Amino acid sequence: MSSSASREIKGMNDFLEETELNLLECKVCFEKYSQQQKHRPKNLPCGHVICQECVLALCPQGSSRLECPFCRKACRTLETSICLPVLHLMEMVTRVVPDQLDSPSATKTSHVTKLRPASFNLRLSFGGWGILFNPTGIALCRKTGRLVVAHDGKKRIGVFSMSGKCIQHIGVKSDTPNSIIYPLDVTVTQDSCIVVTDAGDHSLKVFDWSGKTTLAIKQTFLLPWGLCTNPQNEVIVSDSNAGNLVLVVADFKQGVVKKLLKLCSNLTHPREIAVCPTSGAVVVVEHLVKDSKNSSSTRVKIFSSAMKLTRQIDSFGLSLFLPLAVHTTGVAFDHEGNVLVTDVNNRCVICLDKTEECSFLKHVVASGLSYPVALTTLEDGSVAVLDSGNHSVLVYSP
């Protein structure tokens, strides 16, 4: 810890400054960590964290080995991994409005009182550290009833039964062209192919249940992020850096791409996405960039099956009903066509009824969550929530 970290912290503004100085910048190049590839924080096996660019710079030319610049422990680049806790901390810090940090209103309680009471109860939880590592995406295979989870383990995709038993892991982390470097989201097609967005090489990859790669689409996306499968067995991909939604029409089992079509453009960093299995409506979450006046926030946009914008709700509108500013990290449709939203700030899941009346917001899950990042609805109406904070899946039933 640097000497500046030992000075007295008198308020939240001081705390934020110390956090950014001591935790959110690389101590080799002193550049701030970011979501961008070259400055993304990477864990070394020894526990120290440096940026991706420094990991590569510390490797001798032609070698994949490096020494930690702090403790000199040797490792290979393949043994490094994305430091998701630092990325999560970055997001939380950027969402704090400085002018409100030390105001009396900042000390209000965090329990939610303005929404209808939670209607779902915890039925099952599984995973945990050692089985799942910093999970990022979850999907249901409706044909087999299995849950598929993308995470940061040595094998990137975990397959679980409805009882929580781990059936298999596929998708090896390696330098081979069709491995999974850094998965962001996952979906399962109607013919039971597993589709993954890989931020490591900006690609879309398709696997069968044995882990064999059937298709890889590269050089099409700037940063593919969210995934969903529509009723026509086509995959919709959100390209966060390009601001687009892309429709992928393919024979996923045979690995043949039939068509790539831009469904929507001019979005602001679209990430999480879901499609209604009955109506074909699409919901996408935009992540708005922080500026000098506003902290970064999210905006939920709902489109018809013809991709006509029908409704949008920003963080301010949702925050009128919650004690903390809403930051949406996951979306799904329930069986009635309502939109379900995970909120990491208030650690809950809320339902946006199809009506545009804000008074019809209601809770689905209000307790037991640490850092919910994604969710999917199950055949019986239950909700499976992916909690990156405790590396687990929690199933809530009505």
Side-chain angles (χ1 to χ4, degrees), residues 78 126-127 131-221 224-239 246-261 273-275 277 332 374-379 384 386 393:
L78 280 178
F126 57 89
I131 299 176
L132 295 175
F133 299 87
N134 302 321
T136 53
I138 187 171
L140 172 69
C141 177
R142 300 195 180 275
K143 183 176 289 188
T144 64
R146 296 174 179 175
L147 285 168
V148 181
V149 179
H151 67 116
D152 199 29
K154 290 183 178 180
K155 291 189 175 182
R156 304 304 216 181
I157 304 299
V159 181
F160 298 85
S161 70
M162 279 300 169
S163 63
K165 180 181 178 181
C166 182
I167 299 172
Q168 64 186 118
H169 278 91
I170 63 173
V172 178
K173 174 186 177 182
S174 70
D175 285 335
T176 58
N178 293 323
S179 65
I180 302 177
I181 303 171
Y182 183 55
L184 289 178
D185 201 4
V186 62
T187 189
V188 182
T189 63
Q190 293 175 15
D191 50 358
S192 300
C193 291
I194 299 171
V195 187
V196 182
T197 46
D198 191 340
D201 57 5
H202 302 177
S203 68
L204 181 78
K205 295 171 182 175
V206 183
F207 300 86
D208 61 20
W209 288 98
S210 69
K212 178 183 176 182
T213 305
T214 63
L215 178 63
I217 302 176
K218 301 181 179 180
Q219 300 177 342
T220 299
F221 308 101
W225 200 294
L227 282 171
C228 63
T229 302
N230 68 14
Q232 292 74 43
N233 199 37
E234 302 160 338
V235 169
I236 304 176
V237 186
S238 64
D239 190 337
V246 179
L247 180 71
V248 180
V249 183
D251 184 333
F252 295 104
K253 282 193 170 183
Q254 297 300 320
V256 178
V257 177
K258 299 179 180 178
K259 182 169 58 176
L260 295 175
L261 178 66
I273 185 171
V275 63
L375 78 166
T376 187
T377 51
L378 308 182
E379 293 295 337
L386 187 64
V393 177

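All residue numbers in this chain count up from 1 along the given sequence. Remember, it's a predicted structure, so these values are computed and weren't measured experimentally.
Scanning all heavy atoms of the two residues, the minimum distance from F207 to T214 falls at N-OG1, 4.3 Å. The two atoms that bring V186 and A150 nearest to each other are CG1-N, 4.1 Å, heavy atoms only. When all heavy atoms of P277 and P231 are compared, the pair lying nearest together is O-CG, 3.5 Å. Between G226 and S238, the shortest heavy-atom contact is N-OG, 2.7 Å. When every heavy atom of S192 is checked against every heavy atom of C141, the shortest pair comes out as OG-SG, 3.8 Å. V172 approaches K155 most closely through the heavy-atom pair CG2-CE, 4.1 Å.
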Under 3.5 Å, sequence neighbours excluded: what are the donor-acceptor pairs made by side chains of residues 156-164?
{"unit_1": "R156", "atom_1": "NE", "unit_2": "I180", "atom_2": "O", "d": "3.3"}
{"unit_1": "R156", "atom_1": "NE", "unit_2": "I181", "atom_2": "O", "d": "3.3"}
{"unit_1": "R156", "atom_1": "NH1", "unit_2": "D152", "atom_2": "O", "d": "2.9"}
{"unit_1": "R156", "atom_1": "NH1", "unit_2": "D152", "atom_2": "OD1", "d": "2.6"}
{"unit_1": "R156", "atom_1": "NH1", "unit_2": "G153", "atom_2": "O", "d": "2.9"}
{"unit_1": "R156", "atom_1": "NH2", "unit_2": "D152", "atom_2": "OD1", "d": "3.3"}
{"unit_1": "R156", "atom_1": "NH2", "unit_2": "I181", "atom_2": "O", "d": "2.4"}
{"unit_1": "S161", "atom_1": "OG", "unit_2": "S163", "atom_2": "N", "d": "3.4"}
{"unit_1": "S161", "atom_1": "OG", "unit_2": "S163", "atom_2": "OG", "d": "2.8"}
{"unit_1": "S161", "atom_1": "OG", "unit_2": "K165", "atom_2": "N", "d": "3.2"}

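How far CG of D251 is from NZ of K258: 5.5 Å, rounded to the nearest 0.5 Å. Atoms CG and NZ, on L78 and K154 in that order, are 11.0 Å from each other to the nearest 0.5 Å. One finds the CG atom of D208 at 9.0 Å from the NZ atom of K253 (value rounded to the nearest 0.5 Å). Separating the CG atom in L260 from the CG atom in L204 is a distance of 9.0 Å, to the nearest 0.5 Å. In this structure, T197 OG1 and F221 CZ are separated by 9.0 Å, a value rounded to the nearest 0.5 Å.
Here the side chains of L247 and N230 are in contact, with some heavy-atom distance below 4.5 Å. A heavy-atom distance below 4.5 Å is not found between the side chains of F126 and V149. Side-chain contact between T189 and V235: present, with at least one pair of heavy atoms (C-beta onward) separated by less than 4.5 Å.
Between the side chain of T136 and the backbone N or O of P183 there is at least one donor-acceptor pair closer than 3.5 Å. When atom types are taken as modelled, the side chain of E379 and the backbone of R142 share no donor-acceptor pair closer than 3.5 angstrom. Between the Q168 side chain and the G211 main chain, no donor and acceptor come within less than 3.5 Å of each other. A donor-acceptor pair under 3.5 Å is absent between the side-chain atoms of Q190 and the main chain of K143, judged by distance alone. For the pair T376 (side chain) and A384 (backbone), a donor-acceptor distance under 3.5 Å is absent.
Counting heavy-atom neighbours within 6.0 Å of Q219 CD, excluding the residue itself, gives a total of 12 or less.
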Next on the checklist: Go through it in stages, so that I can follow the logic: the residues are L184 and W225, the test is side-chain contact (heavy atoms from CB on, under 4.5 Å), and I'd like the CA-CA distance, side-chain angles, deciding distance and then a yes or no.
Outcome noted: CA-CA 6 Å; L184 289 178; W225 200 294; 3.6 Å; yes
Item to check | Derivation of the side-chain contact (heavy atoms from CB on, under 4.5 Å) call for T220 and D239 | outcome: CA-CA 9 Å; T220 299; D239 190 337; over 6 Å; no
Next on the checklist: Assess the residue pair D191 and N233 against the criterion (side-chain contact (heavy atoms from CB on, under 4.5 Å)); give the C-alpha distance rounded to whole Å, side-chain angles, the decisive distance to 0.1 Å, and a yes or no.
Outcome noted: CA-CA 8 Å; D191 50 358; N233 199 37; 3.5 Å; yes
Item to check | T187 vs D185, side-chain contact (heavy atoms from CB on, under 4.5 Å): CA-CA, chis, key distance, verdict | outcome: CA-CA 7 Å; T187 189; D185 201 4; over 6 Å; no
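Shown are L215, V195, D198, I194; of these, the side chain to side chain contact (heavy atoms under 4.5 Å, CB included) with K205 is made only by D198.
Shown here are the ring pair (Phe, Tyr, Trp, His ring centres under 6.0 Å) partners of H202, two or more places apart in sequence or in another chain: there are none.
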